[in-house]
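Start at 1 with the first residue, then count along the sequence.
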Amino acid sequence: MNLDGLIGKSYLHEFLQHAKGKEWICFGASDAGATAPQYLLKEGIKIKYYCDNDSKKQGSTFHDLQVHSPE
């Protein structure tokens, strides 16, 4: 997924401006969940940790970050 084409064409540009320098929690510790955080990090937005509904993933790490339950 390439998010570059969305910047400036939607609310994503505004979100990125407000999110810079802040820590965020990313939901989804899977291959699909890896694309957006990589892009956000490039934009100066830090992912604090991941959340996932899959109890097998909780307590593990994903892209060097801890995975927690959504609760």
Side-chain angles (χ1 to χ4, degrees):
M1 173 187 242
N2 184 348
L3 298 177
D4 289 325
L6 296 176
I7 303 302
K9 295 181 182 178
S10 70
Y11 68 92
L12 187 56
H13 177 73
E14 186 175 334
F15 165 77
L16 290 173
Q17 297 308 307
H18 292 289
K20 286 184 188 222
K22 298 177 183 169
E23 291 184 326
W24 290 81
I25 299 166
C26 184
F27 188 88
S30 66
D31 290 338
T35 304
Q38 289 173 357
Y39 182 84
L40 294 174
L41 188 58
K42 184 175 86 172
E43 292 295 318
I45 300 166
K46 182 180 177 190
I47 303 299
K48 188 173 182 177
Y49 59 84
Y50 288 89
C51 286
D52 201 288
N53 287 328
D54 186 345
S55 61
K56 294 178 212 143
K57 293 179 181 180
Q58 297 165 7
S60 67
T61 58
F62 183 69
H63 290 276
D64 299 322
L65 294 172
Q66 191 73 31
V67 179
H68 297 275
S69 81
E71 289 85 36

Which other residues end up in the same hydrophobic cluster as Leu41, if Ile, Leu, Val, Met, Phe, Trp and Tyr are linked when side-chain heavy atoms come under 4.5 Å apart?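 Listed partners: none, Leu41 stands alone.
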
Heavy-atom count around Lys20 NZ within 6.0 Å, excluding the residue itself: above 12?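 More than 12 heavy atoms, drawn from other residues, nucleotides or ligands, come within 6.0 Å of this atom.
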
Rounded to the nearest 0.5 Å, what's the gap from CD on Gln17 to CD on Glu43? Could you check?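 Between Gln17 CD and Glu43 CD, I get 8.0 Å after rounding to 0.5 Å.
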
Rounded distance [0.5 Å steps], CD in Glu71 versus CD in Gln58: 7.0 Å

Let me check something: any side-chain donor-acceptor pairs from residues 59-67 under 3.5 Å, sequence neighbours excluded? List them with distances.
unit_1 : atom_1 : unit_2 : atom_2 : d
Ser60  : OG     : Lys57  : O      : 2.4
Gln66  : NE2    : Gly59  : O      : 3.1

Nearest non-hydrogen partners of Ser69 and Cys51, listed with the distance: O-SG, 3.8 Å

For a quick test of reading the model, state the closest non-hydrogen atom pair linking Gly28 to Tyr50 and the distance between them. O-CD2, 3.6 Å

Candidate list Ile47, Leu40, Asp52, test side chain to side chain contact (heavy atoms under 4.5 Å, CB included), partner Cys26, passing option: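 In the set Ile47, Leu40, Asp52, the residue that makes a side chain to side chain contact (heavy atoms under 4.5 Å, CB included) with Cys26 is Ile47.
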
Are Leu16 and Trp24 in one and the same hydrophobic cluster, where Ile, Leu, Val, Met, Phe, Trp and Tyr link if side-chain heavy atoms are under 4.5 Å apart?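 Linked within one cluster.
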
